[in-house]
Amino acid sequence: MKITLITVGKIKEKYLRDAIAEYSKRLSRYCKLEVVEVADEKTPDNASETVENAIREKEAERILKYIKEDAYIITLEINGRQLSSEEMAEKIEKLGIQGISHIIFIIGGSIGLGKAVLDKSDFALSFSKMTFPHQLMRVILLEQVYRSYRIIHGEPYHK
């Protein structure tokens, strides 16, 4: 299975880069992982809805360049479906059984994802009703994908 993580913006904090590198290394036993960063747009304070929509559209154009037609697209959205770790593992395993060999996870920027990306999504996933920094979500997502593979393989994991 190939897992691609498409994200908006760069990681500046070393501790987050280190965590991403650690989970990337751990995941290499189970899948081929690719992390793609696309440039983010500066969002002015008190930006209007029109300005925010234009920013989301620009970021969406950059994201769409990396979406492969045969991939299963999972977007991270605050209003998406929440899954337990076991349900996430089951979803990944079932996709593989159904012949899906490439899953793309997409994390938007600070104001979310553009409509063009949301329209391509096969599944909207939410980790919480709370808002998290999108840089931190990379670590959380990679940890959960790693945990999913541990569950799929019947290996121990922390509950």
Side-chain angles (χ1 to χ4, degrees), residues 1-24 27 31-85 87-92 94-96 98-148:
M1 175 80 69
K2 179 176 181 181
I3 303 282
T4 300
L5 177 55
I6 303 175
T7 63
V8 174
K10 297 231 178 284
I11 299 284
K12 297 168 185 73
E13 297 84 357
K14 183 183 182 321
Y15 71 96
L16 292 173
R17 284 196 313 266
D18 289 347
I20 290 165
E22 177 62 27
Y23 283 110
S24 297
L27 277 165
C31 65
K32 182 180 185 324
L33 177 68
E34 173 186 33
V35 178
V36 176
E37 292 180 335
V38 300
D40 58 344
E41 291 291 316
K42 291 283 180 236
T43 304
D45 292 339
N46 303 317
S48 68
E49 187 63 31
T50 305
V51 169
E52 286 190 354
N53 282 336
I55 289 169
R56 282 190 286 265
E57 284 179 30
K58 279 185 185 175
E59 292 173 349
E61 285 175 25
R62 294 175 188 146
I63 291 168
L64 291 171
K65 289 178 186 171
Y66 293 96
I67 292 181
K68 307 288 185 254
E69 287 304 315
D70 61 340
Y72 187 88
I73 311 299
I74 299 177
T75 47
L76 271 64
E77 303 178 41
I78 201 158
N79 293 319
R81 182 152 168 244
Q82 293 184 18
L83 301 176
S84 68
S85 296
E87 289 169 329
M88 173 101 156
E90 187 178 321
K91 180 149 196 72
I92 290 172
K94 278 186 178 175
L95 288 171
Q98 293 168 357
I100 302 292
S101 61
H102 189 187
I103 300 172
I104 298 176
F105 289 93
I106 303 175
I107 301 174
S110 59
I111 59 171
L113 292 165
K115 185 178 178 339
V117 173
L118 297 175
D119 289 346
K120 287 268 190 193
S121 179
D122 294 305
F123 186 81
L125 176 64
S126 172
F127 278 83
S128 173
K129 292 292 181 197
M130 291 184 265
T131 302
F132 294 100
H134 56 282
Q135 298 93 336
L136 182 58
M137 275 313 303
R138 293 188 208 188
V139 177
I140 295 169
L141 174 60
L142 288 173
E143 189 281 334
Q144 284 299 303
V145 172
Y146 172 69
R147 183 178 298 263
S148 292

Worksheet entry | Any side-chain heavy-atom pair of Ile6 and Ile67 under 4.5 Å | yes

Worksheet item: How many angstroms lie between CD1 in Ile11 and NE2 in His134, if you round to the nearest 0.5 Å?
Response: 7.5 Å

Worksheet item: Is the closest side-chain heavy-atom distance between Arg138 and Glu37 below 4.5 Å?
Response: yes

Worksheet item: For atom NZ of Lys115, is the number of surrounding heavy atoms from other residues, nucleotides or ligands below 6.0 Å larger than 12?
Response: no

Practice prompt. Determine whether Val145 and Met88 make a side-chain contact, defined as any pair of heavy atoms from C-beta on separated by less than 4.5 Å.
Written response: yes

Worksheet item: To the nearest 0.5 Å, how far apart are NZ in Lys10 and CG in Leu16?
Response: 15.0 Å

Worksheet entry | Minimum heavy-atom distance between Val8 and Gly109, given as atom pair plus value | CB-N, 3.6 Å

Discussion item. How close do Leu113 and Arg56 get, counting heavy atoms only, and between which atoms?
Written reply: O-CD, 3.4 Å

Fill in: Over all atoms of both residues, closest heavy-atom pair of Ile78 and Ser126
O-OG, 3.2 Å

Fill in: Least distance between heavy atoms, Ala71 atom then Ile104 atom
CB-CD1, 3.6 Å

Worksheet item: With the threshold set at 4.0 Å, does a side-chain nitrogen-carboxylate oxygen contact exist between Glu69 and Lys120?
Response: yes

Worksheet item: Taking the side chain as C-beta and beyond, is there a heavy-atom pair between Thr4 and Tyr66 under 4.5 Å?
Response: no

Discussion item. Could you tell me if the side chain of Leu76 sits less than 4.5 Å from the side chain of Phe132, heavy atoms only?
Written reply: no

Worksheet entry | Rounded distance (nearest 0.5 Å) linking atom CG of Leu136 with atom CD1 of Ile107 | 9.5 Å

Item to complete: For residues Gln98 and Tyr72, determine if any side-chain heavy atom of one lies less than 4.5 Å from a side-chain heavy atom of the other.
Response: no

Worksheet item: Between Arg147 and Glu143, is there a salt bridge with N-O shorter than 4.0 Å?
Response: yes

Item to complete: Apply side chain to side chain contact (heavy atoms under 4.5 Å, CB included) to Leu95 and Ile103, showing your working.
Response: CA-CA 9 Å; Leu95 288 171; Ile103 300 172; 3.7 Å; yes

Worksheet, complete the sentence: For Ser121 and Glu77, the nearest pair of non-hydrogen atoms, with its separation, is OG-OE2, 4.2 Å

Worksheet item: Taking side chain as C-beta onward, heavy atoms only, is Val38 less than 4.5 Å from Glu59?
Response: no

Discussion item. Side chain to side chain donor-acceptor pair (under 3.5 Å) for Gln144 and Ser85? Distances and angles first, verdict last.
Written reply: CA-CA 7 Å; Gln144 284 299 303; Ser85 296; 2.7 Å; yes

Worksheet entry | Backbone of Ala124 reached by a side-chain donor or acceptor of Arg81 within 3.5 Å | no

Practice prompt. Measure the CE-NZ distance between Met1 and Lys32 for me, rounded to the nearest 0.5 Å.
Written response: 14.0 Å

Response to the item:
Residues Leu33 and Ser24: closest non-hydrogen pair is CD2-OG, 3.4 Å

Worksheet item: Any side-chain heavy atom of Ile55 sitting closer than 4.5 Å to one from Pro44?
Response: yes

Item to complete: Measure the spacing between CD of Glu41 and CZ of Arg62 and express it to the nearest 0.5 Å.
Response: 4.0 Å

Worksheet item: Once you round to the nearest 0.5 Å, how far does CD1 of Ile3 lie from OG of Ser101?
Response: 10.5 Å

